[in-house]
Amino acid sequence: MALHSSKQQTTVINLFRLQQEQPVLPLLTILHQMCNHVLMMLRLDTDFFFHGHYGHLLEFAIRFLRGKTELTGSMVWVDAVIQSIQEQCYTKVITDEDQWQDTGTGTPSIPPTIVNNICLNDCSNTGTCVLGECSCNPNTFGPDCSVKSTDKPIVLASYSNNVCDLSKLSCTQIQVYGAKFINSTDLTCHLTEVTVGTNGITNTLATEKVKAIYKSLAHVVCPNPNKKTVTVALSNDGNRPSDQQSIYVAYTSNCYTCTENATTATATCTTNLASSCLIGSVCYVKDTKSPTDPCMACRPSIATDSWSKVTGSGCEDKPPNEDGSEMNAVTIIAVSVTIAGLILIGIIVAGICVYRR
């Protein structure tokens with residue numbers, strides 16, 4: 001079987017030229033060295049891969065990662081793509097009968113050198129390749145055992161930033177995407193409450209630690225039961241948060257229009273007070289009655305930060321105290337003066353009568 005065929009060399013040269021013309025990552029070198037090393041080690045027919053399938057696969061991977069890295073500025077996609085290519089490589093191997101070996105039992109099998117050695121990044125030299133999967137050493141994690149327990153997670157703001165409309169959604173769970181999230185009891189969300197205005201974050205308040213819900217090495221969920229607007233960082237040990245953050249804005253669309261930034265952990269919010277009121281930090285839709293006085297309501301044309309008098313429905317003509325409430329101060333003074341006057345008149349009349357006797 002040819003190990004360095006002209007077809008393979010031509011494909012590799014063309015792929016390297018593609019990367020030189022539009023450089024983004026040293027990805028091609030990584031992919032080629034890894035796959036060529038595996039194929040040479042296993043003594044497979046490289047013509048089968050590079051000419052029939054593998055060259056196109058590498059070109060597609062480069063184009064895919066170029067788009068992702070230009071959008072996010074991150075290399076966290078590399079491992080996933082390499083693993084995907086390796087899985088497809090393995091699939092091609094097991095479906096090529098020429099690579100199978102005769103075990104003497106009448107049932108051919110895939111050589112153990114193939115099954116046990118196709119692992120992502122050779123398990124980063126911190127694990128053992130078993131049946132195509134890495135069995136990592138203690139305190140190392142991930143599909144290639146490259147994540148250490150002391151590593152800080154990576155948070156991708158471009159994929160994690162979000163705004164949540166409280167009038168439509170519960171807004172109690174924050175989805176966070178990134179890399180190097182370790183499935184442990186110490187995986188922690190660091191939620192810092194913030195206020196957001198027209199120019200971004202206007203105030204930073206207290207930070208709260210919440211246990212994260214692990215989904216995968218690149219995805220966690222942070223509980224947000226109080227529906228706060230927060231910036232989000234992650235830590236694997238509960239103490240050392242990620243250097244990157246995302247932002248989560250919980251807002252009410254009746255009063256605000258909020259938009260998250262595409263790349264950084266910030267957002268902007270503008271008020272919609274033409275059709276609502278913001279009273280005591282609570283948003284009320286136009287014509288909403290006051291919870292304590294049915295004769296007061298949100299009337300943006302009069303005031304947007306306080307309750308306004310309701311007209312009609314008997315509110316403006318309602319006689320004082322008809323509901324049995326206490327008399328107001330003016331009424332009390334008037335009654336008191338009247339009573340005092342009557343008493344004084346009585347005293348004067350009584351005095352005159354005594355005098356005439």
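Below, all heavy atoms of this structure are taken into account, side chains as well, without hydrogens, waters or symmetry copies.
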Visitor: Would K180 and L234 count as a side chain to side chain contact (heavy atoms under 4.5 Å, CB included) here? Give the steps.
Guide: CA-CA 10 Å; K180 296 186 177 182; L234 268 294; over 6 Å; no
Visitor: When rounded to the nearest 0.5 angstrom, what distance separates NZ in K148 from OG1 in T126?
Guide: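 The NZ atom of K148 sits 8.0 Å away from the OG1 atom of T126.
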Visitor: Measuring only between side-chain heavy atoms, which start at C-beta, is V232 closer than 4.5 Å to V155?
Guide: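 Counting from C-beta outward, V232 and V155 never come under 4.5 Å.
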Visitor: Would you mind reporting whether P223 and I213 have side-chain heavy atoms less than 4.5 Å apart?
Guide: yes
Visitor: Hey, does Q244 have a side-chain heavy atom less than 4.5 Å from the side chain of I154?
Guide: yes
Visitor: Rounded to the nearest 0.5 Å, what separation is found between the CG atom of D165 and the OG atom of S253?
Guide: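 These two atoms lie 3.5 Å from each other.
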Visitor: List the atom pairs, with distances to 0.1 Å, where a side-chain N or O of residues 181-189 and a protein N or O form a donor-acceptor pair under 3.5 Å, not counting sequence neighbours.
Guide:
from	atom 1	to	atom 2	distance (Å)
S184	OG	D186	N	3.3
T188	OG1	D186	O	2.7

Visitor: Starting from the C-alpha separation in whole Å, work towards a yes-or-no answer on side chain to side chain contact (heavy atoms under 4.5 Å, CB included) for N224 and Y248.
Guide: CA-CA 10 Å; N224 185 30; Y248 185 85; 3.7 Å; yes
Visitor: Any donor and acceptor pair, going by atom type alone, linking the side chain of S160 with main-chain N or O of L156 inside 3.5 Å?
Guide: yes
Visitor: For I247, does its backbone N or O pair with a side-chain atom of N261 as donor and acceptor, under 3.5 Å?
Guide: no
Visitor: Go through it in stages, so that I can follow the logic: the residues are K227 and L166, the test is side chain to side chain contact (heavy atoms under 4.5 Å, CB included), and I'd like the CA-CA distance, side-chain angles, deciding distance and then a yes or no.
Guide: CA-CA 8 Å; K227 307 177 182 182; L166 289 164; 3.8 Å; yes
Visitor: Please tell me whether C123 and C134 are bridged, where bridged means their SG atoms are separated by under 2.5 Å.
Guide: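 In this structure, C134 and C123 share a disulfide.
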Visitor: Are side-chain heavy atoms of N161 and S246 found at a separation under 4.5 Å?
Guide: yes
Visitor: If I compare all heavy atoms of L191 with all of C222, which pair ends up nearest, and what's the gap?
Guide: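 Between these two residues, the closest heavy atoms are CD2-CB, 4.3 Å.
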Visitor: Given S124, which of T140, D144, N137 fulfils the side chain to side chain contact (heavy atoms under 4.5 Å, CB included) condition?
Guide: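 Only one of T140, D144, N137 forms a side chain to side chain contact (heavy atoms under 4.5 Å, CB included) with S124, namely D144.
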Visitor: Backbone N or O of K309 within a donor-acceptor pair of the R299 side chain at under 3.5 Å?
Guide: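 Side chain of R299 to backbone of K309, a donor-acceptor pair under 3.5 Å: yes, one is there.
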Visitor: Check C171 against A250 and note the closest heavy-atom contact, atom names and distance.
Guide: CB-CB, 4.5 Å
Visitor: Does C164 form a side chain to side chain contact (heavy atoms under 4.5 Å, CB included) with Y251? I'd like the steps, not just the answer.
Guide: CA-CA 6 Å; C164 183; Y251 74 107; 5.7 Å; no
Visitor: Quick one: closest heavy-atom pair of C258 and V249, and the distance?
Guide: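 C258 and V249 have their closest heavy atoms at SG-CG1, 4.0 Å.
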Visitor: Give, for atom SG of C315 and atom CE of M296, the distance between the pair rounded to the nearest 0.5 Å.
Guide: 10.0 Å
Visitor: Got a second to check how far N199's CG is from C269's SG, nearest 0.5 Å?
Guide: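 Spacing of CG (N199) from SG (C269) equals 11.5 Å.
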Visitor: Taking T231 for the side chain and Q245 for the main chain, is one N or O donor matched with an acceptor at less than 3.5 Å?
Guide: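 The answer is no, because no donor-acceptor pair under 3.5 Å joins these two groups.
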Visitor: Only pairs at least two apart or in different chains count here, so list each salt bridge (Lys or Arg N to Asp or Glu O under 4.0 Å) that has a residue in residues 214-226.
Guide: none
Visitor: Do other residues, nucleotides or ligands put more than 12 heavy atoms under 6.0 Å from the OH atom of Y284?
Guide: yes
Visitor: Within the distance-only criterion (no hydrogens, no angle test), does the side chain of N162 pair as donor or acceptor with the backbone N or O of I174 below 3.5 angstrom?
Guide: no
Visitor: Is K152 atom NZ crowded by more than 12 heavy atoms from other residues, nucleotides or ligands, each under 6.0 Å away?
Guide: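 For K152, atom NZ is crowded (more than 12 foreign heavy atoms under 6.0 Å).
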Visitor: Under 3.5 Å, is there a donor-acceptor pair between the side chain of D237 and the main chain of N239?
Guide: yes
Visitor: C283-C277 sulfur separation below 2.5 Å?
Guide: no
Visitor: Between N236 (side chain) and D151 (backbone), is there a donor-acceptor pair under 3.5 Å?
Guide: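 Yes; judged by distance alone, with no hydrogens or angles, the pair exists.
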Visitor: Walk me through whether T195 and T202 qualify under side chain to side chain donor-acceptor pair (under 3.5 Å).
Guide: CA-CA 6 Å; T195 56; T202 58; 2.8 Å; yes
Visitor: Are the side chain of T252 and the backbone of N254 linked by a donor-acceptor contact shorter than 3.5 Å?
Guide: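 Side chain of T252 to backbone of N254, a donor-acceptor pair under 3.5 Å: no, none is there.
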Visitor: Considering non-hydrogen atoms only, spot the tightest contact between K209 and G238 and give its length.
Guide: NZ-O, 2.9 Å
Visitor: Closest approach of V196 and T229, non-hydrogen atoms and distance?
Guide: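 Taking V196 first and T229 second, the nearest heavy atoms are CG2-CG2, 4.0 Å.
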Visitor: Does one side chain, of T257 or N272, offer a donor that lies under 3.5 Å from an acceptor on the other?
Guide: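 N272 and T257 do have a side-chain donor-acceptor pair below 3.5 Å.
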Visitor: So which heavy atom on R240 is nearest to which on S235, and how close?
Guide: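 So the minimum-distance heavy-atom pair works out to O-CB, 3.1 Å.
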Visitor: Do W307 and P291 have side chains that get closer than 4.5 Å, going by heavy atoms?
Guide: yes
